[in-house]
Amino acid sequence: MERGLPLRSAAGENAQRLAWPRENRILRRAEYTACYEGGRRFHTEHFIVFVRFGRGESPAPARLGAAVSRKVGKAVLRNRIKRLLREFFRHYVRRIPDGTDIVVVAKKQAGEAALRQADVDRQLGAALRRAERDARHEGRQAPARS
RNA sequence: GGAGCGGGACGGAUCGUCGCUGCGGGCCGCAAGGCCCGGGGAGGAAAGUCCGGGCUCCGCAGGGCAGGACGCUGGAUAACAUCCAGGAGGGGCGACCCUCGGACAGCGCCACAGAAAGCAAACCGCCGCGCAAGCGGUAAGGGUGAAACGGCGGUGUAAGAGACCGCCAGAUGUCGCAGCGAUGCGGCAUGCUCGGCAUACCCCGUUCGGAGCAAGACCAAAUAGGGAAGGGGCCGGCCCGGCCGUACCUUCCGGGUAGGUUGCUUGAGGGCGCGGGCAACCGCGCUCCUAGAGGAAUGACGAUCGGCGCGCGUUCGCGCGUUACAAAACCCGGCUUACAGGCCCGCUCUCGUC
RNA sequence: CGGGAUGUGGCUCAGCUUGGUAGAGCACAGCGUUCGGGACGCUGGGGCCGCGCGUUCAAAUCGCGCCAUCCCGA
């Protein structure tokens, strides 16, 4: 709440719920590509995070997309990493502005390390704070691009 | 006690908080949908995708060739490369394990060594004749090799040889008995003893149509159900044969969709009992319902108790570490591979004690 | 879901069809040449042929099962 991240609702009115329903997911390939090309990129120890503010549509909840390729590991491990990413998003979605798309790509090292939820929270939280700060620094409010 | 063989079943438990999903019920809403409650929610291999089927479409799924797969016998089964029972050969002290058509149908291969590697031959030898060179007779012995034309003993001979005899091993033919059969046991005859490799081609026998749930069906939306070029199309690759017929297919240009429902989980299904069968398995009766996602749900955090290992301790207990492999994607039957731990049953060998 | 290819010295590849000797180029080491280096010449070392089992007298080669990497089609 401090640190400048505004407290917004995830989807609809219920701001108290910590959920991750369908409209909060990035599904289409074109949306992923838009994030890769139009978003800011941040590297953490185990992930590459793309953040794109201000998607522009009127009902625009924040969304998350996870990309975990087969280089990372076998199916069980890949599923677990995706769930850890969703769990982070579920907890932090209230601090993310509406219309923000986040795509997280797992690096190969993510499979080799025994990740815990705390590790994911720390890395992605730091990346999001930097994205928010850079966006304010760049000019006006965060959703400046169109 | 130690070492081992075969088979079977399991593969953490409970609670709290926050989430996901589909089912049932209730409430709100014109609707899309939302909220609340209840009870479900990964595996023995879900894996690799190596076989076999079901199901769906190709109108029907025909004949031949090509190609693939399989390969002792009998049975089980929807089917199989699986399973059960048996046979033969090989390995192991043993429990037990492994392998399986055909080499007088053809085409081939057998390096090096060796005289000679497959049908006939003779390097050193041995024997006879000859002064010698050499000629002839031999295949017992030597040596080479993965493999060398049966083995042992005798008769015989110039020296030798199944040349002949006895026993043994094998081959071929034939007969009898047992068995559904693979095959086994036994008798007789022939001195026949002329190899191996088909997991290289091949031959014989059996078997196989193609695709695959992104199969397929329905609804909705969208576009001019557009233009150009080529090909008649379909029935696994080819041929025959058949069927359909102005549709269909391919490529390019320019556009438009790529949303929802269904298929989707009750099935060659699981458990128990009885009966048949050596068994695999089958039949009958009762009973149970046990994931259905869709860029893809079963997770995160915390607590307690377990299992195993190590240390302190050695009654209790305490601390630390560890708790595997691996994620359903239409569904079954198998195979193969991965796996922390422990559990049960039967059996073998060996050591010690009584 | 369906189909295909490749694993051989440090690197890039031959050899596999038709089984017996693993070879080439670059790289490496030594020597020569040069005042020295490069280039060049000569000599040399280096391989469990991805892993396991099988067939065979004998397997990089043939058969089966795994592992890894890469590429197509829907």
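Below, chains carry the letters A, B, ... as their sequence lines are ordered, and counting in each starts from 1.
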Item to check | Syn/anti state for rU265(B) [syn: chi within 90° of 0] | outcome: syn

Item to check | Base partner of rG2(C), which must satisfy Watson-Crick or wobble distances under 3.5 Å | outcome: rC72(C)

Item to check | Interatomic distance at C1', rG137(B) relative to rA161(B), whole Å | outcome: 11 Å

Item to check | Shortest side-chain distance from L84(A), nucleotide among rA300(B), rG299(B), rA327(B) | outcome: rA300(B)

Item to check | Paired nucleotide for rA147(B) [Watson-Crick or G-U wobble; both distances under 3.5 Å] | outcome: none

Checklist entry - With both distances kept under 3.5 Å, what pairs with rG295(B), Watson-Crick or G-U wobble? => result none

Checklist entry - Taking atom C1' in both rC10(B) and rG342(B), what distance in whole Å separates the two? => result 9 Å

Item to check | Per R86(A) side chain, nearest of listed nucleotides rA327(B), rA296(B), rG302(B) | outcome: rA296(B)

Next on the checklist: Looking at Q117(A), is its backbone amide N or carbonyl O close enough to the side chain of R122(A) to form a donor-acceptor pair, meaning the two atoms are under 3.5 Å apart?
Outcome noted: no

Item to check | rU206(B): syn or anti, per glycosidic angle within 90° of 0 | outcome: anti

Item to check | Side chain of R116(A) (C-beta onward), nearest among rC18(B), rC301(B), rA300(B) | outcome: rC301(B)

Next on the checklist: By nearest atom, which of the nucleotides rA326(B), rG19(B), rC301(B) is closest to the Q117(A) side chain?
Outcome noted: rC301(B)

Checklist entry - Can you list the steps and then say if V104(A) with I48(A) is a side chain to side chain contact (heavy atoms under 4.5 Å, CB included)? => result CA-CA 6 Å; V104(A) 181; I48(A) 307 172; over 6 Å; no

Item to check | E87(A) side chain, from C-beta outward: closest of rA327(B), rG302(B), rC18(B) | outcome: rC18(B)

Next on the checklist: When both hydrogen-bonding distances must be under 3.5 Å and the geometry is Watson-Crick or G-U wobble, what is rC272(B) paired with, if anything?
Outcome noted: rG285(B)

Checklist entry - If we take the C1' atom in both rU193(B) and rG162(B), what is their distance in whole Å? => result 10 Å

Item to check | Student check: side-chain heavy atoms of L77(A) and V68(A) closer than 4.5 Å | outcome: no

Checklist entry - Between atom NZ in K82(A) and atom P in rU298(B), what is the gap in whole Å? => result 11 Å

Item to check | Minimum-distance pair of heavy atoms, taken over all atoms of Q123(A) and F47(A) | outcome: OE1-CD1, 3.4 Å

Checklist entry - Does rU21(B) have a Watson-Crick or wobble mate here (both distances under 3.5 Å), and if so which one? => result rG40(B)

Checklist entry - Considering only the P atoms, how many Å lie between rA200(B) and rG267(B), rounded to the nearest integer? => result 47 Å

Item to check | Any-strand Watson-Crick or G-U partner of rA47(B), both distances under 3.5 Å | outcome: rU336(B)

Checklist entry - Could you state the CG-C1' distance from D121(A) to rG299(B), rounded to the nearest angstrom? => result 14 Å

Checklist entry - Given the P atoms of rU82(B) and rG271(B), what is the spacing between them in whole Å? => result 25 Å

Checklist entry - Would you call rG162(B) syn or anti, using the 90° rule around 0? => result syn

Checklist entry - Can you tell me the Watson-Crick or wobble partner of rG226(B), both distances under 3.5 angstrom? => result rC253(B)

Item to check | Integer angstrom distance from the C1' of rU315(B) to that of rC18(B) | outcome: 45 Å

Item to check | Separation of the P atoms in rU17(C) and rA60(C), to the nearest angstrom | outcome: 12 Å

Checklist entry - So, E87(A) and R90(A), do they make that salt bridge, N to O below 4.0 Å? => result yes

Checklist entry - Taking any strand in view, what nucleotide pairs with rA329(B) in a Watson-Crick or G-U wobble way, both distances under 3.5 Å? => result none

Item to check | Within-4.5 Å side-chain heavy-atom neighbours: F42(A) and D134(A) | outcome: yes

Next on the checklist: Does this structure show an ion pair linking D119(A) with R116(A), if we count only N-O contacts that are shorter than 4.0 Å?
Outcome noted: no

Next on the checklist: What is the separation between atom CZ on R122(A) and atom P on rC301(B), rounded to the nearest whole Å?
Outcome noted: 14 Å

Checklist entry - Is rA42(B) in the syn range, within 90° of 0, or in the anti range? => result syn

Checklist entry - Taking only N and O in the side chain of R80(A), is any of them less than 4.0 Å away from OP1 or OP2 of rA300(B)? => result yes

Checklist outcome for this item: H46(A) and A110(A) have their tightest heavy-atom pair at O-CB, 3.6 Å

Item to check | Separation between the P atoms of rG54(B) and rG269(B), rounded to whole Å | outcome: 16 Å

Item to check | Given rC301(B), rA327(B), rC18(B), the nucleotide with the shortest approach to the side chain of K74(A) | outcome: rA327(B)

Checklist entry - CG of N79(A) versus C1' of rC20(B): gap in Å, rounded? => result 13 Å

Checklist entry - For Y92(A) and rA300(B), what is the distance between atoms OH and P respectively, to the nearest whole Å? => result 17 Å

Next on the checklist: Between rC20(B) and R83(A), counting only base atoms on the nucleotide and side-chain atoms on the residue, is there a donor-acceptor pair under 3.5 Å?
Outcome noted: no

Item to check | Distance in angstrom units between R78(A) CZ and rA42(B) C1', rounded | outcome: 16 Å

